[in-house]
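Working notes for the structure below.
Atoms within each ligand, like the ligands themselves, are counted from 1 in listed order. Heads up: numbering here begins at 1 and tracks the sequence. What you are looking at is a predicted structure, and each value in this text was computed from that prediction instead of being measured.
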Amino acid sequence: MRRQEARDLARSLMDASGLFDWRFRFDHARRRAGVCTHATRTISLSGPLTDLYDADTVRAVILHEIAHALVGPTHGHDAAWRRAARSLGAPDSARLPSSLPAPDAPWVGTCPRCGATRRLYRAPRRVSSCGVCSRSFDASRILTWRRHGVAASPGGAYERELASLRARR
Ligand SMILES: [Zn+2]
Ligand SMILES: [Zn+2]
């Protein structure tokens, strides 16, 4: 989503929730999409992630942070926060789905069946299969990993686990 549109959306959603005296800004975070800072009454979105997300995702992030602003700093993601999130129409789970794109994460795992990708900042420690086209572990959907776009091994322990899984089939 374009940043100017995200800023306008955030402002109108914040105002609609009565957060007139809260500020909105972008930050440079790459591992979390948004943050609510009560001390400075600021809701902040990651600029780089906003660039990658679609409008629905950005909207969900903004509403997530608005729910924090409304219930106060002591609640975290407790029942009061979940109630506020639900009443705003935000997903009441604390985390965004892991299938969202993350910029600059060097490791990219690809499902051999459906092509869905998963990005990680560190080499995966365990063998995993695609969570998009299968709900449970499926050896025919084990992700293949590339690092900075080049086929790469995540390491010895990973290879040993992979070999033992293959041997069991
Ligand atoms: Zn949160
Ligand atoms: Zn898949």
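- Of the possible donor and acceptor atoms, one in the side chain of Ser134 sits under 3.5 Å from a partner among the backbone N and O of Ser136.
- Looking at Cys130 and Leu143, their side chains come closer than 4.5 Å, going by heavy atoms from C-beta outward.
- Closest N/O/S atom of His77 to the Zn ion (ligand 1): NE2.
- Glu161 places a side-chain N or O within donor-acceptor distance of the main-chain N or O of Val127, the cut-off being under 3.5 Å.
- Cys133 contributes SG and Cys111 contributes SG; the angle these two atoms make at the Zn ion (ligand 2) is 110°, rounded to 10°.
- Among the atoms of His64, an N, O or S atom falls under 2.8 Å of the Zn ion (ligand 1).
- A salt bridge links Arg32 and Asp27; the closest N-O separation between the charged side-chain nitrogens and carboxylate oxygens is under 4.0 Å.
- Restricting His68 to its N, O or S atoms, the one at the least distance from the Zn ion (ligand 1) is NE2.
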